[in-house]
Amino acid sequence: MAMLEVKDLHVSYGMIQAIKGVSFEVNEGEVITLIGANGAGKTTILHTVTGLLKPKSGSILFEGKELSTTAPHKIVKYGMAHVPEGRRVFAGLTVYENLIMGAYTRNDKNEIEESLNMIYKRFPRLEERKKQLAGTLSGGEQQMLAMGRALMSKPKIILMDEPSMGLSPLFVTEVFDIIKQISASGTTVLLVEQNAKKALSIADRAYVLETGKIALTGNAKDLINDDKIKKAYLGE
Amino acid sequence: MNSFISYLASGISLGGIYALIALGYTMVYGIAKMLNFAHGDVIMVGGYTIFLAITSLSCPIWLSLLIGVLVCTALGVTIERIAYKPLRGASSISVLITAIGVSYLLQNLALNILGSDAKTFKSVVTLKPIVINEGLKISGETVVTIIVTVVIMIALTLFINKTKMGRAMQAVSEDKGAAQLMGINVNFTISMVFAIGSALAAVAGALLCSTYPQISPYTGSMPGIKAFIAAVFGGIGSIPGAMLGGLLLGVIENLSKAYISSQLSDAIVFAVLIVVLIVKPTGLLGKKINEKV
Ligand SMILES: Nc1ncnc2c1ncn2[C@@H]1O[C@H](COP(=O)(O)OP(=O)(O)OP(=O)(O)O)[C@@H](O)[C@H]1O
Ligand SMILES: [Mg+2]
């Protein structure tokens, strides 16, 4: 059974139907990418999976548990973390406090300390700036913080919404390296990206979303060579 | 000099009461982005509860205070659950009107049950006036109010900045969605803020009714409005701002009563507020609010 199984998901904003029957699955250990143009519905899907939006119909099974009827704050505890679009770090809290917020559902002080040290090792920049207010970090640093904060919950699966958005090429490379490391350390990854080329280069499988529906799916290796994909998403 | 010190001390004490009330306004505004205009009436309910516990139930003072705090805490949480929670996400004007409605409801309930006449409130403070020199005596109420206010401010600051719950409150104030992604129960956190604000209102009610030994259904109205002004003055949403705003307001009000005109003191308070808001629209310690769409 897949780790995360989304079936026939419908999501609306009032009268606007944003997601019209989307199904996909993520197996343990995979890196799955969801690509699509602006407004295709990628963020809507991630928000629905982590409970910030309620679907009109459909089911979201995570390790056999139904998420669509679960309160959003309980979903982290199941082992799912979400790095939201636009980072959404707590600007008025310090870097350290943001990271500690990420471990909100955990109680063991020593283990939290251990995770914190691991995050600092992975993101040395965050350690240098741990007393700085998150709102004063650069965009790239905020992205690191958002990822570190999500990892502080020790997730089994991490959902990332356009982590490379607005970053300089150097930072983009760094972000994708980090995603590879996260995956290598055993965490399953569901990655939403506009940077389809980079996303496909690190993913196992991909789903292509077009106006609320899955238009195409397959192995990332095959899609990267697909003519339609090349034209529409890789700008070749 | 003696009279100045005495006016200043009672100004600080009055300001402390405003600050305690203003904290409730500002914390609720910070987390729920609404002006809880029923907050002033919670003070009145606290005052009456303590009054009735002492007079009708002959409870000892400490127990009466505890009952007052518990009743207000429960009342604050209940008001939020019943009146405000269903309106989360509604336009702010609907929420505002609801809050005013709740305020009238509490006042009219008090009028119906307890009558409109003001009753004499026996001070809960047993401390004797402190004689500093021949011409300078500071009342026990003033001393106790100042001490209680300082202790509460320190405790609250530590709570907000050092505890898990306090940080969760800050996170929810900033971004409810992101807070939920951390595993924070937003509804519970908002309830806790109402609980704390209302408990502080009960304490403020006890101190207010002890300093000006009277209670009526309108007891909370004017201090509620003043404390709201104090919260805006200090920067609505800012906890240190509410403390500073409350203290300044009390001192300005008392000194202008003493040295300028007791009729004009309120006008002076409003004038100072207007000047501050012209110079610094976000209030003394207010941050710029980034409106999220
Ligand atoms: N709060 C909202 N109210 C109404 N419509 C919305 C809302 N949020 C998103 N939509 C609509 O839903 C559709 C999907 O939006 P979504 O944000 O999920 O797209 P996306 O694929 O994440 O786009 P992007 O790559 O630009 O982030 C869009 O047509 C958008 O206009
Ligand atoms: Mg998006």
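In the text below, chain A, chain B and the rest are named by the order of the sequence lines, each starting its count at 1.
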Worksheet item: Going through the distances and angles, do M101(A) and I184(B) end up as a side-chain contact (heavy atoms from CB on, under 4.5 Å)?
Response: CA-CA 9 Å; M101(A) 288 311 306; I184(B) 297 169; 3.2 Å; yes

Worksheet item: Between F90(A) and Q170(B), is a side-chain contact (heavy atoms from CB on, under 4.5 Å) present by the stated rule, with each step listed?
Response: CA-CA 8 Å; F90(A) 301 113; Q170(B) 293 184 65; over 6 Å; no

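Residue M182(B) comes nearest to G102(A) through the heavy atom pair SD-CA, 3.7 Å, listed as atom of the first residue, atom of the second, then distance.
Interface remark: V83(A) contributes no atoms to any contact with chain B (heavy atom separation under 4.5 Å). Within the 4.5 angstrom heavy-atom criterion, only backbone atoms of R106(A) (N, CA, C, O) approach chain B. There is no contact between N187(B) and chain A, counting heavy-atom distances below 4.5 Å.
L52(A) CG to K176(B) NZ: the interatomic distance, rounded to the nearest 0.5 Å, is 13.0 Å. Separation of atoms OH (Y104(A)) and CE (M165(B)) is listed at 5.5 Å; rounding is to 0.5 Å. To the nearest 0.5 Å, the span separating OG1 on T105(A) from CG on N185(B) amounts to 13.0 Å.
Within the 4.5 Å cutoff, the side chain of L181(B) has no heavy atoms near those of the H47(A) side chain.
Within 6.0 Å of NZ on K20(A) lie more than 12 heavy atoms contributed by other residues, nucleotides or ligands. Environment of CD in Q181(A): crowded, with over 12 heavy atoms of neighbouring residues, nucleotides or ligands closer than 6.0 Å. Residue-environment remark: CZ (F159(B)) exceeds the threshold of 12 foreign heavy atoms within 6.0 Å.
Heavy-atom pairs under 4.5 Å with chain B were tallied for G92(A), A71(A), G51(A); the largest tally goes to G92(A).
Contacts between residues 73-82 of chain A and chain B, defined by a heavy-atom separation under 4.5 Å, are made by H73(A), V76(A), H82(A).
Counting only distance, with no hydrogens or angles, the side chain of E174(B) and the backbone of A91(A) share a donor-acceptor pair below 3.5 Å.
The salt bridge (Lys or Arg N to Asp or Glu O under 4.0 Å) test applied to E127(A) returns no partner, not counting sequence neighbours.
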